[in-house]
Amino acid sequence: MLNLKFIQDKPELVIEKLKRKNFDASEIVKNIINLYRQKNVLQGQADRVRSEMNKISKKVGLLFREGKAEEANIAKARTIELKENIKQYDIDFAEIEKSIYKLQVQLPNLPHESVPLGKGEDDNEVVKSVGEFPELGGKALPHWELAQKYNLIDFELGVKLTGAGFPVYRGKGARLQRALINFFLDQAREASYEEIQPPLMVNEASGFGTGQLPDKEGQMYHVGIDNLYLIPTAEVPVTNIYRDVILDAKNLPYKNTAYSACFRREAGSYGKDVRGLNRLHQFDKVEIVQIAHPEKSYEVLDEMVKHVESLVVKLELPYRILRLCSGDISFTSALTFDFEVYSAAQKKWLEVSSVSNFESFQANRLKLRFREEGVKRPQLAHTLNGSALALPRIVAALLENNQTKEGIKIPKVLVPYTGFEIID
RNA sequence: GGAGAGUUGCCGGAGUGGUCGAACGGGGCAGUCUCGAAAACUGUUGUACCUUCGGGUACCGGGGGUUCGAAUCCCUCACUCUCCGCCA
């Protein structure tokens, strides 16, 4: 959510920058500024009436105490009209605020200067591309067949137990999952992220804080009887730790990591890239989150990108880093780097991480602020997060890329975690 | 699931109709004292919005009501805690 004052101060900037996101904000911005002016006028008037009301009330109290009941009653009579006024002001004011809010949440975050112009995913900028595609010859199997061959993942069983998109990992498949989770968490801890084990369900306020609610409600599983939502990512509970909080500037940045299962309804995405592990309703992910000082947040973003890169390097996967273009970047993000690994049997790039700086867009909604020494007013902090990493597509690439006649080779770095070197 | 208690500022906790943005204690910050520190003493210490920059307004879990006036009374919702039952 963009800051109201900012919109009012720099409407042209907002419109110009959102144009890059292919979003025409001119009408909304105009309306917001209009309503904002009205709101201020209204508040001025309402406050004056309230002020008078308060004065009279005080006077009435005094008069009664002095036994001047008659004078008191005269004063009382005057309040009848004022009361009506206040009531009406309250109604109008609430309405105008609601209108502003409705418009405000429609505006996406402004893209960072470095975001390349573009219409969609084809226009993303490849920042770097590292590693050779493995030569597998003609008999390479896609991961869903490997998973079956070595009895690692049972998709059919998942359908029986729950439904499509809920695979059952077993044997070395299950152990590989656990190994990856521990590996990622250990790496994050070494990069001084504090580990969090968050709830897997959140309340409405949290869903709202990170922007899943009210609009993207359909993406989350809703537990109606208790009005809770299954988290689509650990970002939701972890970032909401800082909701309604004023941090001390000298403690920034705050760094957290969390492993969690993630639940996504993925409504409307049936039929496309859904084979095997490519798109699931439940999957595992380790997330990293940082709360940063506005002046430092792009350094922090850089650091997070490097951290994620170190993971794919250690896993010996061919990868590339994309700087998302203005047409592909998410609603809430100012700058996003995607990580893709190459899955050699499917012969395609799979997105395994998305690292973003939201600047103050999330913080504004979360009321996440920090206080700087010597500065009276708290300021909005910047929030950043990234996957480090999402498991299923990593597993897909590992299985496909490392298949040999003897079996599937486990990358060296993972062996201490899996306890085995090969799946055969 | 049954019964009860509660939700006040950074924390503890008082306040049951007016002078309460809120006693008191703790914590934080600043000062005095000290070579320095501790102790003691003194002061200070919420957020948001509006402003003609004098000031004004709102907020004591959320919403609604009564009243000239509500942290305080009434209604309603949410949450938390305790005991019993059940249970990983």
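Just so you know, these numbers use all the heavy atoms, side chains as well, and skip hydrogens, waters and symmetry mates. In what follows, chains are A, B, ... by sequence order, proteins preceding strands, each numbered from 1.
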For [X] and [N], what is the distance between atoms [atom1] and [atom2] respectively, to the nearest whole Å?
| X | N | atom1 | atom2 | value |
| --- | --- | --- | --- | --- |
| A:Arg37 | B:rU51 | CZ | C1' | 16 Å |
| A:Lys39 | B:rA48 | NZ | P | 13 Å |
| A:Gln45 | B:rU51 | CD | C1' | 14 Å |
| A:Asp248 | B:rC29 | CG | P | 10 Å |
| A:Phe370 | B:rU47 | CZ | P | 14 Å |
| A:Asp244 | B:rC10 | CG | C1' | 15 Å |
| A:Ile246 | B:rC11 | CD1 | P | 12 Å |

Is [X] salt-bridged to [Y], cutoff N-O under 4.0 Å?
| X | Y | result |
| --- | --- | --- |
| A:Lys39 | A:Glu97 | yes |
| A:Glu372 | A:Arg377 | no |
| A:Lys306 | A:Asp302 | yes |
| A:Glu373 | A:Lys250 | no |

Salt bridge (charged side-chain N to carboxylate O under 4.0 Å, His left out): pairs with one or both residues in residues 387-403 of chain A, sequence neighbours excluded: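 Not a single pair qualifies under salt bridge (charged side-chain N to carboxylate O under 4.0 Å, His left out).
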
Taking syn as a glycosidic torsion within 90° of 0 and anything else as anti, which one is B:rG54?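 Chi for B:rG54 falls in the syn range.
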
Once you apply a heavy-atom cut-off of 4.0 Å, does A:Lys5 come out as touching a base, just sugar-phosphate, or nothing?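 Touches sugar-phosphate only.
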
For A:Arg371, which contact category applies under a 4.0 Å heavy-atom criterion: base, sugar-phosphate, or nothing?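 Touches sugar-phosphate only.
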
Footprint string (nucleotides 56-81 of chain B, 5' to 3'): B base within contact, S backbone only, - free, heavy atoms under 4.0 Å: BSS---------BS------------

Show, in sequence, the C-alpha distance, side-chain angles and deciding distance for A:Tyr193 and A:Gln290, and conclude whether the side chain to side chain donor-acceptor pair (under 3.5 Å) test is met. CA-CA 9 Å; A:Tyr193 289 88; A:Gln290 291 207 43; 3.0 Å; yes

So, does A:Tyr36 get its side chain near the phosphate of B:rC50, meaning an N or O under 4.0 Å from OP1 or OP2?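 It does, given that an N or O in the side chain of A:Tyr36 lies less than 4.0 Å from OP1 or OP2 of B:rC50.
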
Looking at B:rG46, I'd like to know if its phosphate oxygens (OP1 or OP2) sit under 4.0 Å from a side-chain N or O belonging to A:Arg369.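 The answer is no; no side-chain N or O of A:Arg369 sits under 4.0 Å from OP1 or OP2.
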
Are A:Tyr221 and A:Tyr229 an aromatic pair, judged by ring center distance below 6.0 Å?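 No: the rings miss the under 6.0 Å criterion.
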
Using both pair distances under 3.5 Å as the test, note the stems of at least 3 consecutive Watson-Crick or G-U pairs that include RNA chain B.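 Consecutive-pair runs (3 or more) involving RNA chain B: B:1-7 with B:78-84, B:10-12 with B:24-26, B:27-32 with B:40-45, B:46-50 with B:55-59, B:61-65 with B:73-77.
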
